[in-house]
Amino acid sequence: MSERWVLALADDGRGALLVPVDGAGRPLGDAVREPDLVAAVRERPEVYRWVWRSTAEVYPRLLAAGVRVERCYDIEDAEQLLLAHEGRLGEPRSAAAAWARLQQRPVPPDPPQRAAEPGSQSSLFEPGPVHVPLEGLLEVYADQLRRHAGALHPGRMRLLTAAESAGMLIAAEMNAAGLPWSAAVHKQVLHELLGGRYAGGGEPRRLAELADEVSAAFGRRVRPDLPADVIKAFAQAGIRIRSTRRWEIETLDHPAVRPLVEYKKLYRIWVAHGWSWLQDWVRDGRFRPEYLPGGTVTGRWVTNGGGALQIPKVIRRAVVADPGWRLVVADADQLEPRVLAAISGDPGLTEVAGRPDDLYQAVSDRAFSGDRDAAKLAVLGAVYGQTSGDGLKNLALLRRRFPRAVAYVDDAAREGEEGRLVRTWLGRTSPPAAGAEEQGEAGIPMLPEEGATEGARGAAATDLGGGEAGADEWVPGYASTNSRARGRFTRNFVVQGSASDWALVLLAALRRATAEMAAELVFFQHDEVIVHCPQEEAEAVVEAIGAASLEAARIVFGETAVRFPFSTAVVECYADAK
DNA sequence: AGTTTCGGCGCC
DNA sequence: AAAGGGCGCCGAAACT
């Protein structure tokens, strides 16, 4: 009933070798050779988890033939997570490398990552990495299962690799589905914003007009897209600026400011999401970016080409559901502070995050006399490591009411400054400080002593429980610029990364909940998901999102009181969701 | 000529 | 005194 099979592609590139395994990865019987990968999988619906080298290698072929699988285990993705957890991130992560390490053979370096071509059919035609036979995959898989047992929290580590493997399936399915995209609407938006294009290329009319206005304001020809030119022009007008960033330009009193800022905004649309982007990335009414789960160190996804995670708000008008279908746009409310409540166990913040109300308002009622903006700045400052201006004052107020939450991120920052590794809730581990080995700047990266760190953290948090504000405030001391930057990184890492952990499990739960529907997951952006579904299914999808949120909270954080509410909108056009 | 870095801004 | 995390994308500038 719950069968687990390990599958290796045959070296003819079409067939497969496969064998059922037990819970420790030991083969149950002889391997089977099948002439056709797709048929081999399709004919075994009873298989509960497919174990393979790389989802990106196998699954697009199955999807192209209309075959979906319930679960998988991606060996190379797990290798990456396990190596990081073991503090060995620099070592090659390929299955071939892992096998070579086990056999004490020379370890091959990882093949270089190739950038995606616009509209390319993902990894289907990429040059294959070093082939690893079934025998090798079996050895590596069994070893990885053992290594999970050696993790700081084995159960969480197993959940992490399972969730990331689910993410690999979802990414491949989203790549195959594509985001519904109306080229006609996109062109209309571009025309409204930028005006027509001149024959023979060059910038569109509106940009040319704005550039002329900028030049007129300076009394000489200035190219607004060249920072050096703009800085020189302002200098000649008697205004010294350090950069041409918008927030700096906007403080100036000069007639060039308005057209310059407008130019920068539209220029950005033109170069990043203009006509050539449309040409490159949209085909047959779908935008197909190539999602890479775990593409960032914190576990957030990236896309390889197309800039799918940076679609400007105005361009979202082009995301339009098929006729009779809807987009269910679901956005997790204040995800990171809620995650901080769950991982730190701070009683006050957990209480605040245990309700679906606006979290920043609740925080401000308790610690900021109802000043929501101050509360939000303080929370984000604590998570991002802001330590200047009002941030410091606000942080002190936050610390008084939510000491354990602030201590949690402060601890992470200190560990980073000391050159240590930090981990997310499920065990995703920060990379070592760059160049730490050579320079000794931040010391040799080392793993926290297992158990000791958590004990110390728990004790510190307890001590702070009733303390006065600032009584045990962490002071950066003599930390260098580099190590402070490192501290900001690790401070953010534990929160952003744990949020990624949770979001992955949420996605997997949502995928399972919608498996029998016509609905398809078409977009995922850190804390936001879009489901494309027939209009009649929309309400069921909204319900499924709520249920998946509860399930993800329970699976990831256990019996926490923290809730993760979503704002959901059922719309025909993405731009109407907010 | 080809490759890498920088500046700026889009998203979270 | 200064002190803001993670990404991708583009063209220009700075390299080799």
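First the proteins, then the strands, lettered A, B, ... as listed; each starts at 1. What you are looking at is a predicted structure, and each value in this text was computed from that prediction instead of being measured.
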Are A/R156 and A/W425 in a cation-pi contact, defined as NZ or CZ under 6.0 Å from the six-membered ring centre and within 45° of the axis?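 Judged by the rule, A/R156 and A/W425 form a cation-pi pair.
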Measure from the ring centre of A/Y384 to the centre of the six-membered ring in the base of C/dG5, then say whether that distance is under 5.5 Å and the planes meet at under 30°.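 Here the ring of A/Y384 and the base of C/dG5 are stacked, with centres under 5.5 Å and planes under 30°.
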Using a heavy-atom cut-off of 4.0 Å across all strands, would you classify A/R268 as base, sugar-phosphate, or nothing?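 The answer is base, as A/R268 lies within the cut-off (heavy atoms under 4.0 Å) of a base atom.
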Would you mind classifying the nucleic acid contact of A/V297 as base, sugar-phosphate or nothing, using non-hydrogen atoms under 4.0 angstrom?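 Answer is sugar-phosphate: A/V297 comes under 4.0 Å of backbone atoms only.
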Only counting residues at least two apart or in another chain, list the ones meeting side-chain contact (heavy atoms from CB on, under 4.5 Å) with A/S243. A/R245, A/E248
Which residue pairs pass the side chain to side chain donor-acceptor pair (under 3.5 Å) test when at least one of the two sits in residues 251-262 of chain A, sequence neighbours left out? A/E213-A/R258
What I want to find out is whether A/R317 reaches A/E572 closely enough, with some N-O distance under 4.0 Å, to be called a salt bridge.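 Not counted as a salt bridge, because no side-chain N and carboxylate O are separated by less than 4.0 Å.
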Atom pairs, protein N/O to nucleotides 10-15 of chain C N/O, distance under 3.5 Å:
from	atom 1	to	atom 2	distance (Å)
C/dA12	OP1	A/R223	NH2	3.3

Which nucleotide of DNA chain B is the first, and which the last, in the 5' to 3' direction, to come under 4.0 Å of a heavy atom belonging to chain A? B/dG7 to B/dC12
Could you work out, with salt bridge (Lys or Arg N to Asp or Glu O under 4.0 Å) as the rule, every residue matching A/D358, not counting sequence neighbours? A/R372
Using atom C1' of each nucleotide, how far apart are C/dG4 and B/dC9 to the nearest Å? 16 Å
Under the side-chain hydrogen bond (donor to acceptor under 3.5 Å, both in side chains) test, which residues partner A/R206, sequence neighbours left out?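 Result, side-chain hydrogen bond (donor to acceptor under 3.5 Å, both in side chains) vs A/R206: A/E209.
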